[in-house]
Amino acid sequence: MSGDPAIGEILVPADALTARVAELATEVSRDYAGRDLLLIGVLKGAMFFLSDLMRRLDVPAQVDFMAVASYGSATRSSGVVRILKDLDAPIEGRDVLIVEDIVDSGLTLQYLLRNLAGRNPASLEVCALLIKPERRKVDLRTRYVGFEIPDRFVIGYGLDHGERYRNLPYVAALRE
Ligand code: 5GP
């Protein structure tokens, strides 16, 4: 796969991912000490981020998953979201932390936040590995952010293009 012409500039190298995930895990561990932390991983893009983050947490934590699909083109979401896989268990009274790969327009996350807030968690926060501030359409609170990136379509470390490139160990721009 290295040498694939679709893999463009590396925006976040592997060692930077490792270091930043460790910092986020320290922050989350401090903030959730003595609470009832439930990580909700948003499939599939957040899979590496979630597992790397969770294994570095120093507080008890449980995990559940959701899979959502956003209608729209391959690279632009519409904000109309379909739940492909819902949580296994209720979240009422839990301290929920949504673990997202990337917040682009914010429309997918806005939908998720509204949906999960309706299930009465004790608290609801977001940990996003990547955000694209230039593209944000809705005002959302992302409590933990890994990296701010420019308006480029990115692949790697869980993020795909047509289901490919998730296994790259770094985040790169897609060269189209
Ligand atoms: P939003 O609704 O915030 O515009 O888009 C969120 C979803 O679109 C993300 O969870 C992700 O699945 C997808 N997405 C947005 N930007 C990118 C990107 O640069 N690369 C990849 N692979 N997916 C993206």
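Every number for a ligand or one of its atoms is a count from 1 in the order of the listing.
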Novice: If you measure from the Lys or Arg side-chain nitrogens to the Asp or Glu carboxylate oxygens, is any gap between R164 and D4 under 4.0 Å?
Specialist: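 Yes, R164 and D4 are salt-bridged.
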Novice: L109: heavy atom below 4.0 Å from ligand 1, yes or no?
Specialist: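 It does not; every heavy atom stays at 4.0 Å or beyond.
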Novice: For ligand 1, which atoms have a heavy atom of S105 less than 4.0 angstrom away?
Specialist: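 So the answer, numbered in order with elements, is 1 (P), 2 (O), 3 (O), 4 (O).
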Novice: Is it true that a side-chain atom of R20 and a backbone atom of V145 form a donor plus acceptor pair closer than 3.5 Å?
Specialist: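 A pair under 3.5 Å: yes.
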Novice: Who passes side-chain contact (heavy atoms from CB on, under 4.5 Å) against D58, sequence neighbours left out?
Specialist: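 D58 satisfies side-chain contact (heavy atoms from CB on, under 4.5 Å) with S29 only.
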Novice: Determine whether any heavy atom of R135 lies closer than 4.0 Å to an atom of ligand 1.
Specialist: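 It does not, in that no heavy atom of R135 comes within the 4.0 Å cut-off of ligand 1.
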Novice: Can you tell which of D64, L57, V96, I98 makes a side-chain contact (heavy atoms from CB on, under 4.5 Å) with L39?
Specialist: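 So the option named by the test is L57.
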Novice: Assign the ring pair F153 / H161 to parallel, tilted or perpendicular, where the plane angle (0 to 90°) is split at 30° and 60°.
Specialist: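 Plane angle over 60°, so perpendicular.
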Novice: D101 near ligand 1, heavy-atom distance under 4.0 Å?
Specialist: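 Yes, that is the case, since the closest heavy atom of the residue is under 4.0 Å from the ligand.
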Novice: With sequence neighbours excluded, tell me which residues meet salt bridge (charged side-chain N to carboxylate O under 4.0 Å, His left out) with E27.
Specialist: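 None.
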Novice: Do any nitrogen or oxygen atoms of H161 lie less than 3.5 angstrom from nitrogen or oxygen atoms of ligand 1?
Specialist: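 Checking ligand 1 against H161, no N or O pair falls under 3.5 Å apart.
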Novice: Is ligand 1 less than 4.0 angstrom away from at least one heavy atom of G106?
Specialist: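 Yes, G106 has heavy atoms under 4.0 Å from ligand 1.
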Novice: Suppose I only count heavy atoms of K132 and a 4.0 Å limit; which atoms of ligand 1 are within that range?
Specialist: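 Numbered from 1, ligand 1 contributes 16 (N), 17 (C), 18 (C), 19 (O).
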Novice: Among the heavy atoms of R152, does any lie under 4.0 Å from an atom of ligand 1?
Specialist: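 The answer is yes, since R152 has a heavy atom less than 4.0 Å from ligand 1.
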Novice: Which ligand 1 atoms does D160 reach within 4.0 Å, using its non-hydrogen atoms?
Specialist: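 In order of numbering, the contacting atoms are 21 (C), 22 (N).
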Novice: Going by an N to O cut-off under 4.0 Å, is there a salt bridge joining E148 and K132?
Specialist: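 Salt bridge: no.
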Novice: Would you check whether I155 has a nitrogen or oxygen atom less than 3.5 angstrom from a nitrogen or oxygen atom of ligand 1?
Specialist: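 Looking only at distances, the answer is no, because the N/O contact criterion of under 3.5 Å is not met.
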